[in-house]
Structures are given as C-alpha cells and as structure tokens.
Amino acid sequence: MSPVNTDTSFIENRAPNIAVQFRDRVNKSPDGEAYRYPAADGEPWLSLTWKETGDRVEKLAAGLLFLGIQSEQRVGIASGTRVEWILADLAVMCAGGATTTVYPSTMAEDVAYILSDSECHVVFAEDAEQVAKLKSHRTELPHLEKVVVFDGPSDGDWVIGLDELSALGEKHLAENPEAVSQAIEAIGPEHLATLIYTSGTTGRPKGVRLRHSSWTYEGASIQAQQILDENDLQFLWLPMAHSFGKVLLSTQLACGFATAVDGRVDKIIENLAIVKPTFMGAAPRIFEKAHARIVTMQASEGGAKEKIFLAAFKVGRQVDALKREGKSVPLTLRLQHALFDRLVFSKIRDRFGGRVRFFISGAAALNRDIAEWFHAAGILILEGYGLTESSAGSFVNHPDHYKFGTVGPVVPGSRVRLGEGDEIQIAGPGIMDGYHNLPDETARTLTEDGWLRTGDKGALDSDGFLTITGRIKELFKTSGGKYIAPPAIEAKFKAVCPYASQFMVFGNERNYCVALVTLDPDAMVGWAEENGLGGKSYEEIVSDARTREMVSGYVDTLNGQLNRWETIKKFEILDHDLSVESGELTPSMKVKRNVVENNYSVMIDKLYA
C-alpha cells in the first residue's frame with residue numbers, strides 16, 4: 001500500500017471561494033459532462049455540460065441579485081436531492097448569498113424555526129407540499145420575500161417558478177452584464193457560504209456556519225490525494241441538506257468528474273445498474289440493506305446455489321486476508337477464486353453497475369464484517385469520518401491505503417489530537433466558525449485554541465489511522481461498573497442478522513443489557529413467505545413466535561462475539577420500524593436514542609422486571 005500524499009501546498013493555491021471554483025471548472029471543462037438526471041420513469045437520462053450548467057446558474061444567480069440578495073444573506077433550499085437543488089445552491093454561491101439547507105421531511109414548525117433563525121430572504125421549495133409549510137407559518141417569516149418553486153404552480157407574487165427566476169435573471173443581465181461576475185469577485189474566503197442545521201438527537205436544531213474557504217479546502221484536499229479525477233462518474237442520492245452530500249459537490253468542482261443525480265432511495269440499486277458509476281457515497285444503512293438482500297435471496301434459493309454462494313465467500317475471505325497481509329495466494333486457492341469470481345462475485349458487482357472503483361461510507365459507523373464481506377466480492381468500501389461542524393470530510397481511507405475498521409488518516413491540511421477521555425478533536429480549514437446565534441454552544445464545542453470537540457472517542461494507530469471507539473454521550477456504565485459502547489454492539493447485530501433494521505442497546509446503571517429490535521419490512525416479506533406467514537401484516541409477522549425464535553437465534557450468535565458483561569439478556573421486537581416521520585430517526589437516519597428510550601421506557605422497564 002502506497003503512502004497518502006501529505007503535500008499541503010494546495011491550501012494556498014485553491015480558489016478563494018466556491019463561485020470561483022465553479023467558474024474555473026466551467027472554463028476548464030466546458031464541453032465535459034457535469035450532471036445527469038432522470039427525465040421520467042423509463043425514459044433516457046438527460047445531461048448537462050459544464051458550459052450549459054454555467055449558463056443556467058448565471059441566470060439564476062442574476063435572478064437572485066434582481067430580487068435583492070446581498071452578500072452573505074441567507075437563501076433556503078427545502079427539497080430532496082435533484083439537479084435543481086444543485087443549480088440553486090450554485091446560484092446562491094455565485095450571487096454571494098449563503099445557502100440554508102432544509103430536509104424535505106422536516107416538520108412545518110421546524111422549517112419555520114430554521115428559516116426564521118437564519119433570516120432567509122428567499123427560499124427554493126421543491127413542490128406544493130413544501131410551499132404549504134411556508135404559507136402556514138408565513139407570519140413567523142418576516143424576512144422571507146420570495147419563494148421559488150421547482151415543481152408546482154406560482155402565484156405571480158410571493159411564489160414564482162424556477163423559469164420565472166431565470167427570466168428575471170436574463171433581464172437583469174441584459175441591463176447589467178457584469179452583475180454576477182462582480183458578485184463573485186466580492187466574495188471573500190471567510191464569507192459565510194452555508195448554514196446547515198444539524199438535526200441532533202434532542203432539542204432544537206443548531207445552525208452550523210461554514211465558510212467558502214471550508215468547502216474549497218474540502219474539495220481541494222480530495223483532489224490533492226488523487227482519489228478522483230475527470231474520468232470518474234459519481235452517483236449522488238445523498239440528502240443535500242446533509243454535509244456529506246454537500247462536500248461531494250465541492251469535491252466535484254475540484255476534481256471535474258460528472259455526477260448522476262437522483263435522490264429517490266428506493267431507486268438506488270436500479271439506478272446503479274443504469275448509471276454504472278465509478279463511485280458513490282452512502283450511509284452504512286445502504287450497505288447493510290444491500291448485504292442483507294443478497295444474503296437472504298441466496299438463502300431462499302437453497303440447494304446447490306446456496307452452497308456455491310457460501311463456498312465462494314469462504315474462499316473469497318481467505319484470498320482477501322492473504323492479499324491484505326501481503327502474502328502470496330496458493331495456486332489451488334487462486335483457481336478456486338477465479339471460478340467463484342465468475343459464478344458469484346461478478347454478478348454481485350454487476351448489481352452495482354459493474355464499474356465501481358469504491359464506495360465511500362460516512363455519516364455513521366460501518367460494521368467491519370460488512371466491509372470485509374463486500375471486499376471479498378471485489379467491492380471496496382472506504383470509510384470516512386467527519387461532522388457537519390468540520391465540513392463533513394476530516395478523515396478518509398485511500399483506495400491504495402486503507403484499513404478496515406478505521407476511518408483512515410486525517411485529510412491533508414487538518415490535524416487531530418485525543419483530548420480528555422480520548423475525545424477526538426480536530427483542527428484545520430474545514431472547522432466551522434460556530435453555531436448561528438448560539439455563542440454559548442459555540443464556546444462549549446470549540447476550544448480556546450480553535451480545536452473542534454467532536455464528542456466521539458477514538459484511538460490512533462502508529463500510521464495515524466483513526467478508529468472510532470464510541471460516542472462519549474452514548475457510553476453507559478452498568479451497575480457492575482462495566483462501560484458499554486452501544487453503537488459497537490448494534491453494528492455487530494446488523495452484520496449477523498440480515499433481517500434487522502434497528503437494534504438499540506440499553507442498560508445504564510442496570511445489572512445487564514437489553515435491546516429493542518426493529519425488523520426491515522422489505523426483508524421480512526420474503527422470510528414470512530418461507531415460514532408460513534405469507535400474506536400477514538407486518539405487525540402480525542413480527543409478533544409471531546416464529547419471528548421471535550429467529551431473532552433469538554441471531555441474538556445468541558451476537559452474544560457469542562461479546563464480552564460477558566456486554567451480552568444481551570432480554571430483547572423486545574417493536575411492532576413498527578423507526579422512521580423520520582415518527583420523530584425517532586433524524587433525517588440522516590440516525591436513531592434518536594433519547595427519544596426511543598423515553599417512548600419505550602415502560603417496555604424497557606419490563607425487561608428488568
């Protein structure tokens with residue numbers, strides 16, 4: 001494995017702001033493909049060159065200037081992931097404004113809070129549903145002067161369409177040809193570019209203030225590591241209101257690859273086969289579901305096919321382990337592997353388009369067993385780590401230099417140290433200015449010498465690779481004095497049980513650990529058919545004794561991998577999966593542990609009766 005490039009000269013040589021970074025990319029690759037997006041189901045995908053993107057963005061930016069957007073004034077985007085989101089964001093950057101991101105699933109009350117707290121003057125809204133949220137709280141939004149809707153009717157006054165904004169911009173450019181160029185030149189590296197409101201696990205969301213220089217640094221740091229270039233093709237489905245999605249945009253501007261965009265989560269696997277990307281970023285849940293789907297499908301077929309499948313992965317893991325240890329693979333094993341690659345592994349790779357060089361996993365911890373399983377099939381998942389407060393990308397494994405179970409070394413130009421209690425602390429150009437309107441919260445999160453307190457525990461090895469060992473606030477101590485890190489146990493269960501959706505461990509100040517389990521509705525349909533429960537409702541399936549027996553077997557398997565004090569003594573299966581709509585998951589699919597514990601406190605107490 002070759003060492004990672006640690007040259008930091010790119011920091012001084014990078015673009016002064018995102019708008020210049022975008023303009024430079026348009027000038028460098030005018031005829032190259034920038035974005036690809038679906039026209040309609042069953043229809044060919046449409047495409048935009050960088051020149052076409054530049055022209056559309058300039059008109060939208062001029063339209064924002066016509067509406068009166070000034071330097072660092074906030075412009076909201078309340079929409080799912082789609083090409084219009086990206087065009088709107090780039091237009092805000094080129095007009096000198098600052099994007100405030102809003103998940104489309106956010107409740108109307110929280111949308112009003114975010115837009116009011118950020119003092120948004122204009123909001124891009126995806127459709128009539130998002131517009132309705134704004135109208136229902138209009139009296140709480142005194143700064144909001146105009147709504148621009150992607151899909152849906154305009155009223156010719158407060159709500160206008162995207163094409164109408166573009167037409168306003170075209171008119172403004174006819175009278176002021178240099179308007180956008182002048183706005184771009186006036187943007188300083190320290191100017192506010194983005195306000196991302198972290199959903200958190202409790203309380204009101206906090207607005208993270210990120211500068212232009214933070215995003216240009218993130219993109220340039222990936223470019224400097226030579227991980228991606230103009231020949232790559234990204235598939236982007238991640239929520240753009242999340243920093244993980246946003247950092248991939250700045251990476252694209254720096255590296256110049258094309259991006260295929262479609263935020264429909266239920267279309268990911270189908271789209272991968274169509275788009276055939278070379279890489280994709282995703283949260284671990286996507287890999288968990290793909291792993292579970294493949295494993296359960298093979299198990300349902302049984303017979304010779306399942307035997308071949310299991311034998312293939314036994315050989316694949318052996319070969320993979322030898323290669324990663326730098327050892328030679330015996331001839332017999334090589335021949336077996338070549339056969340299984342043709343029969344099994346190539347078909348798995350084809351599910352993801354057949355051209356993937358690597359996936360990037362972030363936003364939560366990836367189970368090592370799942371990463372190694374994919375690698376045995378010839379699919380590399382590079383785990384990374386960062387927070388919204390650090391512009392998302394602070395650590396990442398390199399395609400030529402990676403270690404499973406770690407999130408890689410700190411990216412060039414940033415620094416890491418372990419503080420009290422092994423808390424991971426980060427410094428560098430990507431660190432936020434602070435929380436919007438929350439000086440006390442900012443003081444608690446940033447040290448006096450400018451380091452970000454992450455709240456995560458970690459360990460660094462001799463090569464500088466970071467392992468996340470737990471979340472400080474999520475650690476609990478049993479009544480026997482043993483510390484437990486729930487996320488590590490929860491990730492192990494998802495690796496052994498292909499039907500699991502969520503597995504939540506509790507036991508603070510108790511004498512043993514218990515768990516609440518939710519099962520994946522899609523995966524359980526097939527299992528139910530095979531176990532005499534076909535046609536039953538989800539609630540009937542998960543409450544059946546046969547389901548409990550199945551889960552119990554996987555809990556026993558899990559317990560065999562744990563220390564005695566970590567083992568799960570009792571569990572309960574919930575009659576529904578957790579969701580964003582129920583308030584038990586954040587929009588980035590993280591469990592709101594405190595909410596779940598409070599909602600099911602009676603159930604948890606009964607497990608200790």
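Counting from 1, the numbers follow the sequence of the chain as shown.
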Undergrad: Side chains of R355 and T278 only: does a donor on one sit below 3.5 Å from an acceptor on the other?
TA: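 No - no donor-acceptor pair under 3.5 Å links their side chains.
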Undergrad: Got a salt bridge between D55 and K51, using NZ or NE/NH1/NH2 to carboxylate O under 4.0 Å?
TA: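 Yes, this pair counts.
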Undergrad: Can you confirm whether the side chains of E190 and S213 place a donor and an acceptor under 3.5 Å from each other?
TA: no
Undergrad: Can you measure from CE (M432) to OG (S391) and round to the nearest 0.5 angstrom?
TA: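 Between M432 CE and S391 OG, I get 10.0 Å after rounding to 0.5 Å.
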Undergrad: If only side-chain N and O atoms count, and only distance matters, is there a donor-acceptor pair under 3.5 Å linking Q252 with T259?
TA: yes
Undergrad: Between the side chain of T454 and the main-chain N/O of D456, is any donor-acceptor distance below 3.5 Å?
TA: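 Pair found, side chain donor or acceptor close to backbone of D456.
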Undergrad: Between R264 and D266, is there a side-chain N and carboxylate O pair less than 4.0 Å apart?
TA: no
Undergrad: Is the centre of the F235 ring less than 6.0 Å from the centre of the F279 ring?
TA: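 Between F235 and F279, the centre distance exceeds or equals 6.0 Å.
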Undergrad: Hey, are the side chains of V265 and I268 touching, using non-hydrogen atoms and a 4.5 Å cut-off?
TA: yes
Undergrad: If we ignore hydrogens and angles and just use 3.5 Å, is the side chain of H212 paired with the main-chain N or O of P16 as donor and acceptor?
TA: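 Checked: no pair found.
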Undergrad: Keeping K133 on the side-chain end and P104 on the backbone end, is there a donor-acceptor pair under 3.5 Å?
TA: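 Yes.
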Undergrad: Strictly distance-based, threshold 3.5 Å: is any side-chain N or O of E72 a donor or acceptor partner for the main-chain N or O of L192?
TA: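 Answer holds: yes.
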Undergrad: Kindly say whether K267 contributes a backbone atom to a donor-acceptor pair with the side chain of N271 at under 3.5 angstrom?
TA: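 Yes, because the side chain of N271 sits within donor-acceptor range (under 3.5 Å) of the backbone of K267.
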Undergrad: Going from NE2 on H172 to CG on L64, what distance comes out if it is rounded to the nearest 0.5 angstrom?
TA: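 Spacing of NE2 (H172) from CG (L64) equals 10.5 Å.
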Undergrad: Assess the side chains of Y435 and E389: does a donor N or O sit below 3.5 Å from an acceptor N or O?
TA: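 The criterion, which ignores hydrogens and geometry beyond distance, is satisfied for E389 and Y435.
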Undergrad: Ignoring hydrogens and angles, tell me if any N or O in the side chain of E52 forms a donor-acceptor pair with the backbone of T49 under 3.5 Å.
TA: yes
Undergrad: On a heavy-atom basis, which atom in A98 and which in T194 lie closest, and how many Å separate them?
TA: CB-N, 4.4 Å
Undergrad: Taking atom CZ of R56 as the centre, does the number of heavy atoms from other residues, nucleotides or ligands within less than 6.0 Å exceed 12?
TA: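 For R56, atom CZ is not crowded (no more than 12 foreign heavy atoms under 6.0 Å).
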Undergrad: What distance do D117 atom CG and L195 atom CG have between them, rounded to the nearest 0.5 Å?
TA: 8.0 Å
Undergrad: Let me see the working for F124 and W85 under side-chain contact (heavy atoms from CB on, under 4.5 Å), right down to the final yes or no.
TA: CA-CA 8 Å; F124 289 93; W85 198 107; over 6 Å; no
Undergrad: Compare every heavy atom of I187 with every heavy atom of G96, then report the nearest pair and how far apart it is.
TA: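 For G96 versus I187, the nearest heavy atoms are CA-CD1, 3.7 Å.
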Undergrad: Salt bridge check: are E230 and R25 linked by an N-O gap of less than 4.0 Å?
TA: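 Yes.
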Undergrad: Does any N or O in the side chain of S579 come within less than 3.5 Å of the main-chain N or O of S582, such that one atom is a donor and the other an acceptor?
TA: yes
Undergrad: For Q73 and Q70, indicate whether the former's side chain and the latter's backbone hold a donor-acceptor pair under 3.5 Å.
TA: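 Pair found, side chain donor or acceptor close to backbone of Q70.
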Undergrad: Do Y197 and Y103 make the cut of ring centroids closer than 6.0 angstrom?
TA: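 Distance test on ring centres: not under 6.0 Å, no.
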Undergrad: Can V407 and V396 be said to form a side-chain contact (heavy atoms from CB on, under 4.5 Å), step by step?
TA: CA-CA 5 Å; V407 295; V396 68; over 6 Å; no
Undergrad: Ignoring hydrogens and angles, tell me if any N or O in the side chain of T81 forms a donor-acceptor pair with the backbone of M240 under 3.5 Å.
TA: yes
Undergrad: Does D449 pair with R417 as a salt bridge, N-O distance under 4.0 Å?
TA: yes
Undergrad: Taking the six-membered ring of W215 (Phe, Tyr or Trp), confirm whether the NZ or CZ of K246 is under 6.0 Å from its centre and within 45° of its axis.
TA: yes
Undergrad: So how far is it from E33 CD to S47 OG, rounded to the nearest 0.5 Å?
TA: 3.5 Å
Undergrad: Which of these, R23, E178, E58, sits in a side-chain contact (heavy atoms from CB on, under 4.5 Å) with I184?
TA: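 Of all the options given, the one that passes is R23.
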Undergrad: Got a salt bridge between R211 and D433, using NZ or NE/NH1/NH2 to carboxylate O under 4.0 Å?
TA: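 So R211 pairs with D433 through a salt bridge.
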Undergrad: Which distance, rounded to the nearest 0.5 Å, do you find between the OG of S250 and the CZ of R14?
TA: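 Going from OG on S250 over to CZ on R14, the span is 11.0 Å.
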Undergrad: For G386 versus S394, what's the shortest heavy-atom pair and its separation?
TA: CA-OG, 4.0 Å
Undergrad: Should the pair F395 and Y385 be assigned to parallel (<30°), tilted (30 to 60°) or perpendicular (>60°) ring geometry?
TA: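 Rings of F395 and Y385: tilted, 30 to 60°.
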Undergrad: Is the ring centre of Y35 less than 6.0 Å from the ring centre of W45?
TA: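 No, the ring of Y35 stays outside the 6.0 Å limit from the ring of W45, centre to centre.
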Undergrad: Decide side-chain contact (heavy atoms from CB on, under 4.5 Å) for V123 and V75; before the verdict, give the C-alpha distance in whole Å, the side-chain angles of both, and the deciding distance to 0.1 Å.
TA: CA-CA 5 Å; V123 171; V75 177; over 6 Å; no
Undergrad: Do side-chain atoms of D163 reach the backbone of S166 as a donor and acceptor pair under 3.5 angstrom?
TA: no
Undergrad: Rounded to the nearest 0.5 Å, what's the gap from CG on L248 to CE on M280? Could you check?
TA: 10.5 Å
